[in-house]
Structures are given as C-alpha cells and as structure tokens.
Amino acid sequence: MMISRRQWMAGGAALATTLAAGPLVAKGLKPKPVGLQLYTVRELFSKDPMGTLETVAKIGYREVEYGGGGYDKMDHAALRKTMDRLGLKSPSLHIGYDALSSDFAGAVKMAKTLGADTVILPYMTAEQRNAESWKAAIANFSRWAEQLKKSGLDFAYHNHDFEFTTKPDGRSLYDTLLADTDPALVKLELDLFWAVAAGEDPKAIIKRNPGRIYAYHVKDRTADGKMTSVGKGVIDFADIFTLNGTAGVKHFYVENDQSPAPYLPDIQTSFATLSRLRA
C-alpha cells in the first residue's frame, strides 16, 4: 500500500502528539488518582479536619490516607460523610502496632467506617528492632493479616530506613519480613524516600516483590538527603514508575514528613508533579 507524503507527515504528527502526552495516553491506560498521606498536613488537620479535607480536594487530590493529626480519636462517621461530599476516598489508613494489639476490633471498625480496604502498619519503635522482638512482631503481622482478611480488609507494612539498615544476625529486618510472611497476606507500602535514604534501589525491591506493592509513598530527596516536594529532588520517579505493572501498585500517596508550614504549597507542587508521572 502506497502512503503519500502528506499521510506520512500527518501520521508522524499524530505520533509526536501521543508521545508528548505521555505514556498513559500511548498505552491507553487510565491514570490512577493521586493521593495524600494526611500526616503531611497533620498540623492543619488536627485543628480543622473538615476544612483540611476540603482544601485537599480543591487541589485535586481524590484519595487520602489517614495517619497522625489525631484522626483516630475523631468522629469517623463525620469524616466519611465529608469525604463522600467532596468525592474523596480513603483506600488505606495507618494504624499503629499498639493500637492493633490493644483494640483490634476498634481498628477494624474505624477502617470500615472510613471506607478503607487496607490497614497499614506505619512504624516500629527502637525497642522492637532486635531479632527476638522482630520475630514476635512478624508473627503478629501474619495473625492480624489473616484476621483482617476475614473482615474483608488487607494488611500492609510501611517501611522507613531502619528496616534495611538494622541487621540482627546479619540479615536485615526487611529481608526477614519478606521471608517470614506470606506475600498473599502481608503486602508492602513502599516508601521510596526511605528506601533511597537507606541506600536501597527501589526498582530492585520491586523486582524482588512482584505484585506485592500495595502503594507507594512518594516524597522527594535532595542531594544532601533532605525531604522535599515531589519534583524538587533527585529521585528518578519516572524511572521507578516504569515497573508499576510489575509492582502491582494500586495507590500513589504524596507524603512529606517534614513539609514546611504553611504546607499547602508543598502538597500543591507534589500533586502537580505526580499527576504527570503516575500510571
């Protein structure tokens, strides 16, 4: 079949437009919503939770992940009503180890009221980072994951840097977690900043754990190691995100533990950048 020069040029222009629009259009994929871990704006949220949710929604976020700011003591039904009005969803929330240990039923109720499908364990204290305590904690992770599954919820673990750098008996806490839990039950929320801070390659972690990555925490890192808005640091998120299909990642949460006041410029910048990058 002969193709005229005009047709060839038109086709080339169309291809250029598609590529310029990014891989989402080229692949025909629907981009996943950009979420916010509310710990980033905890100072605002603790004082005015409903107003903060309204502001977050106006920026363009469509998902929030609860964590900090005293959310666990608030009226969860009222929070859910506000989210529903604003078109926000909370697929997951952070619940601490002690809270899961002392009031598991309350944690399940809170998660379901807020509309979550996954409970994330966000942090482990220094006292729990030795071989014996970590082994006991991992046993609880597995037990909780099984119990949550019966309630229609999933379980995931969120990393910092210490899981990679602390190595009782020569094996990192993270490697022990991966080896001693069922990938079908204990999922991962991969904090990309903290993985890089620990000297790890996020792509290597993803390749080792295909289909196990429930969500990313997306925050950038400056050359001297400080947290910053997504796009203002040196982490190559576009490269990491080429493995989203391998990871099986469902959610992209902006987080900045050290977001500077007044907080909103930081999450606006991160939203704009991540909106262009996620898939």
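Count residues from 1 along the sequence.
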Whether the side chain of [X] engages the backbone of [Y] through a donor-acceptor N/O pair (distance < 3.5 Å, no angle test) should be reported.
| X | Y | answer |
| --- | --- | --- |
| Glu146 | Arg143 | no |
| Arg212 | Val186 | yes |
| Lys81 | His76 | no |
| Asp103 | Ala99 | no |
| Thr273 | Val230 | yes |
| Thr242 | Ala238 | no |
| Asp220 | Thr228 | no |
| Arg221 | Val196 | no |

Shortest non-hydrogen contact from [X] toward [Y]:
| X | Y | result |
| --- | --- | --- |
| Pro33 | Arg62 | CB-CB, 4.0 Å |
| Pro262 | Leu44 | O-CD1, 4.0 Å |
| Val254 | Ser270 | CG1-CB, 3.6 Å |
| Gly96 | Leu121 | C-CD1, 3.7 Å |
| Ala195 | Pro202 | CB-CG, 4.5 Å |
| Met83 | Ser90 | SD-CB, 4.0 Å |

Do you reckon [X] sits in the same ILVMFWY cluster as [Y], going by side-chain contacts under 4.5 Å, direct or chained?
| X | Y | answer |
| --- | --- | --- |
| Leu178 | Ile206 | yes |
| Leu274 | Tyr39 | no |
| Tyr61 | Leu93 | yes |
| Val218 | Val64 | yes |
| Ile138 | Ile120 | no |

- Begin with the C-alpha distance, continue with both residues' side-chain angles, and end with the deciding distance and a verdict on salt bridge (Lys or Arg N to Asp or Glu O under 4.0 Å) for Glu63 and Lys32. CA-CA 10 Å; Glu63 293 183 347; Lys32 291 180 173 64; over 6 Å; no
- When you look at Ser133 and Met124, which way does the side-chain contact (heavy atoms from CB on, under 4.5 Å) test go after all the steps? CA-CA 10 Å; Ser133 296; Met124 297 293 280; over 6 Å; no
- Message: Set out, in order, the CA-CA distance, both residues' side-chain angles and the distance that settles ring pair (Phe, Tyr, Trp, His ring centres under 6.0 Å) for Tyr174 and Trp134, then state yes or no.
- Response: CA-CA 10 Å; Tyr174 205 73; Trp134 192 249; 9.0 Å; no
Note: [X]-[Y] ion pair, threshold 4.0 Å (strictly below):
| X | Y | answer |
| --- | --- | --- |
| Arg208 | Asp175 | yes |
| Arg129 | Glu163 | no |
| Lys187 | Asp154 | no |

- Query: Does the pair Leu192 and Phe241 meet the rule for a side-chain contact (heavy atoms from CB on, under 4.5 Å), with working shown?
  - Reply: CA-CA 11 Å; Leu192 300 172; Phe241 291 171; 4.1 Å; yes
- Would you please test His251 and Glu65 for side chain to side chain donor-acceptor pair (under 3.5 Å) and show each step? CA-CA 10 Å; His251 304 285; Glu65 182 178 62; over 6 Å; no
Would a 4.5 Å heavy-atom cut-off, applied to side chains only, mark [X] and [Y] as touching?
| X | Y | value |
| --- | --- | --- |
| Asn159 | Leu188 | no |
| Leu114 | Tyr71 | yes |
| Leu190 | Tyr214 | no |
| Phe104 | Leu148 | yes |
| Leu38 | Leu53 | yes |
| Val119 | Leu100 | yes |
| Leu173 | Pro168 | yes |

- Could you walk me through whether Lys219 and Glu255 pass the salt bridge (Lys or Arg N to Asp or Glu O under 4.0 Å) check? CA-CA 6 Å; Lys219 54 193 172 201; Glu255 187 192 35; 2.9 Å; yes
Can you tell me how far the [atom1] atom of [X] sits from the [atom2] atom of [Y], to the nearest 0.5 Å?
| X | Y | atom1 | atom2 | answer |
| --- | --- | --- | --- | --- |
| Asn130 | Asp169 | CG | CG | 10.0 Å |
| Asp236 | Lys203 | CG | NZ | 8.0 Å |
| Tyr157 | Thr181 | OH | OG1 | 11.0 Å |
| Thr40 | Tyr263 | OG1 | OH | 11.0 Å |
| His94 | Asp72 | NE2 | CG | 13.0 Å |
| Leu185 | Gln147 | CG | CD | 11.5 Å |

- Can Met50 and Leu79 be said to form a side-chain contact (heavy atoms from CB on, under 4.5 Å), step by step? CA-CA 7 Å; Met50 308 308 176; Leu79 289 172; 3.8 Å; yes
Between [Y] and [X], is there a side-chain donor-acceptor contact under 3.5 Å, judged purely by atom types and distance?
| X | Y | result |
| --- | --- | --- |
| Asp266 | Asn256 | yes |
| Glu189 | Tyr253 | no |
| Arg171 | Thr176 | yes |

- May I ask you to establish whether Arg42 and Phe45 are in a cation-pi arrangement, using a distance under 6.0 Å from NZ or CZ to the six-membered ring centre and at most 45° from the ring axis? no
- Task: Show your working on side chain to side chain donor-acceptor pair (under 3.5 Å) between His217 and His158 and close with a plain yes or no.
- Result: CA-CA 9 Å; His217 269 194; His158 167 271; 3.2 Å; yes
- Task: Run through Phe193, Phe237, Trp194, Phe252 and flag the one making a ring pair (Phe, Tyr, Trp, His ring centres under 6.0 Å) with Tyr216.
- Result: Phe252
- Determine, stepwise, if the pair Tyr66 / Ile95 fulfils side-chain contact (heavy atoms from CB on, under 4.5 Å). CA-CA 9 Å; Tyr66 285 91; Ile95 302 179; over 6 Å; no
- Task: With side chain to side chain donor-acceptor pair (under 3.5 Å) as the test, would you mind laying out the steps for Ser101 and Asp98 before giving the verdict?
- Result: CA-CA 5 Å; Ser101 298; Asp98 290 344; 5.2 Å; no
